[in-house]
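None of the values given here were measured: they were computed from a predicted structure. Below, chains carry the letters A, B, ... as their sequence lines are ordered, and counting in each starts from 1.
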Number of protein chains: 2
Amino acid sequence: MVSIYDIAKRAQCSTMTVSRVINNTGRISEKTRQRVKAIMKEMNYVPNHAARSLVLQQTKIISLLITDITNPFYTTLARGAEDAAQRLGYRLMFSNSDEDVKKEHEYIETVLSMRVDGVLIAPAGDQSLEHLQKLQLYNIPFVLVDREVPGIESDRVLGDSKEGSKALVEHLIQLGHRRIAFINGSPGISTARMREAGYLETLKLNDIPVNPDYMFETGYSQFDADPIIDKLLSLEEPPTAIFAANNFITLAVIRSLRSRELRIPDDMSIVCFDDLDPGYIVDPFLTIAAQPAYDFGRIGMQMLIDRIQGTANEPRSVILPSKLIVRRSSTEI
Amino acid sequence: MVSIYDIAKRAQCSTMTVSRVINNTGRISEKTRQRVKAIMKEMNYVPNHAARSLVLQQTKIISLLITDITNPFYTTLARGAEDAAQRLGYRLMFSNSDEDVKKEHEYIETVLSMRVDGVLIAPAGDQSLEHLQKLQLYNIPFVLVDREVPGIESDRVLGDSKEGSKALVEHLIQLGHRRIAFINGSPGISTARMREAGYLETLKLNDIPVNPDYMFETGYSQFDADPIIDKLLSLEEPPTAIFAANNFITLAVIRSLRSRELRIPDDMSIVCFDDLDPGYIVDPFLTIAAQPAYDFGRIGMQMLIDRIQGTANEPRSVILPSKLIVRRSSTEI
DNA sequence: CTCAATAGAGTTATCGGTAACTCAAAAGTA
DNA sequence: TACTTTTGAGTTACCGATAACTCTATTGAG
């Protein structure tokens, strides 16, 4: 592959002159500049990123670590991050941890090894603490998006899961529901804890006793809801509404209900966080707390680049509100 | 950041010894190996990828360029590619060209600059030719997935768009349809051409005259189908079925039909390529030609790594069949 | 006309790692 | 015991680029 030396030889100048032409720095006569440029073009020169970043000690690459590339919430977030990064002159490297702390660990190793300039990360869970401390140890700036991790002080962009949760449950209560089941993600993830807090608080505010039989913990990724639905339906007083903590859980729940010929919302109201991809859904019918996924990415990326370029000020938190969108999956009892 | 020199100093040995411990090469006494290993761990040493790839002339990184990160077909493909890459010891770098040749061009520049070991690419269109030739010029192995590009000889994994197309149209004809509209992607994309060929051929086989008023070309990405639906509905003999070339087009079409209170399939049958994300759709109702997206990625990645590591044999083509899945969006006339 | 300032380059060292070669001491062999 | 082989390292050069410094013509001022 053609290097700066090849160009220099051909142009009968030093590599430094070529480097100056490439970077538009230093003093170069217009004549030389044009000659070198022509030769670079002719020889199809492409600078070697590794060599450059080795000496510059910066890569202009930012790593984006999300937990599920098939979840539209995250792909939308990714798009926001990508657009912002591009605008500010950085390249993005996506990775996908699959909600798996071990896989996340491997990616962090790569990220460290590549000396990326910063990391925008939706951590797999509280156990991500260790990875994040490693980033801190190496002074690699990072911003948490969507989820926080206890023990880590850093910039972050979070959704207001608790408020969103309260809005959803309040909505159900307004519709007359009092037997509201809650199927949550893993308590090892901050959003799940916040959503539970919102659920509990709203019940309390409305003097509805908490029924442990109505509460479940599962994963945010694909899973089978049948066992849970079984239990709920076999209760003496089955719930009239289900609050599912995210879109994946909702899908599993809906599938399970459908397979039993139960209709939504007639037989069961459903509310949840995050839309199924708005671009995809032919017929949006879920009542949701919609989070501004694109902004999560966009704002997170801006904060990250601020941090990379800027002075080391206090960690900032941005909390983005979610919006209650009432559709047909919830109805009066 | 701690380098191999810091380790060497602390271990009182040469950098070469450290390098040998890292790579498990050369002759090292067990005692020294353990001592160096302990120090590396203690000092949290992480090898510098740039330095290493500079001297090794390989990065163990493969670039995956897809055209739309929000399209489940591509995210599923990406997952297949990722799994295969990981299994074979490579890291993946996703990028997203957004069906935009210019954006693709920028990513190719980055890819060249980073000297990745190979590129798995779903080209934005025929105009990608120029980028791909650049890859060829630099001897960077690449594999085309999903789409081919005239003028480029290379490994590739394609769907059998023509056969899939024929199956869909044949299915409609079997149901009694003869007025079948076809809303295609851009003719600058190979799959669109193949799908059109299948459409035309099947009509001909069944002695159905081609009606130019039934044929449209648009983009594979989000767009507004209203003008097209307007035209179709205002025809003297409006179609009874629509064949939409991909999932995005289908969505736009469905939205447009719904906004006119037209029911599917009662008022209009619809068939198309590619599922909306099977994991997402609450209630799959589209009749589709399903392509094995995961295998596109998996097989493509395997071919690519073969090519990177192996001998330079003839370019190989893998054609993956699509499967007709009949659901409720198509019915007898 | 002389000397300082500036334009337009070139030299050298370095980033962090590894290949290829070298070399002394220990171990094996005749 | 003397010589060869093996073990366990160290030295040096280089991958491709850039920072910092140096150097030589020009140019301009007085």
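For B:Met16, taking side-chain heavy atoms from C-beta onward, the closest of the listed nucleotides C:dA19, D:dA17, D:dG8 is C:dA19. Distances were taken from every side-chain heavy atom of B:Ile28 (C-beta onward) to each of C:dT11, D:dC15, D:dA9; the shortest belongs to D:dA9. Taking the side chain of B:Asn48 as heavy atoms from C-beta on, and the options D:dT11, C:dG17, C:dC15, the nearest nucleotide is C:dG17. Comparing atom distances between the A:Tyr5 side chain and each of C:dG17, C:dT18, D:dG16 picks out D:dG16 as nearest. Nearest to the side chain of A:Val55, among C:dA9, D:dT18, C:dG10, sits D:dT18. For A:Tyr45, whose side chain is taken as the heavy atoms from C-beta onward, the closest listed nucleotide among D:dT18, D:dG10, D:dA17 is D:dA17. Here C:dA19 is the nucleotide among C:dG16, C:dC21, C:dA19 with the atom lying nearest to any side-chain atom of B:Leu56. Relative to the side chain of A:Arg27, the nucleotides C:dA9, D:dT18, C:dG8 differ in distance, and C:dG8 lies closest.
Taking only side-chain nitrogens and oxygens, B:Ser29 comes nearer than 4.0 Å to OP1 or OP2 of D:dA9. Side-chain nitrogen and oxygen atoms of B:Ser3 include none within less than 4.0 Å of the OP1 or OP2 phosphate oxygen of C:dC15.
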- prompt: Taking it one step at a time, do A:Arg91 and A:Lys60 satisfy side-chain contact (heavy atoms from CB on, under 4.5 Å)?
  reply: CA-CA 6 Å; A:Arg91 294 251 165 252; A:Lys60 283 283 176 182; over 6 Å; no
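Ring geometry, A:Phe296 versus A:Phe73: the interplanar angle exceeds 60°, so the pair is classed perpendicular (tilted spans 30 to 60°).
The CD1 atom of A:Ile4 sits 15 Å away from the P atom of C:dA9 (whole-angstrom rounding).
Ion pairing between B:Arg79 and A:Asp68 holds under the 4.0 Å rule for side-chain N and carboxylate O.
A donor N or O paired with an acceptor N or O is not found under 3.5 Å between the base of C:dG8 and the side-chain atoms of A:Arg33.
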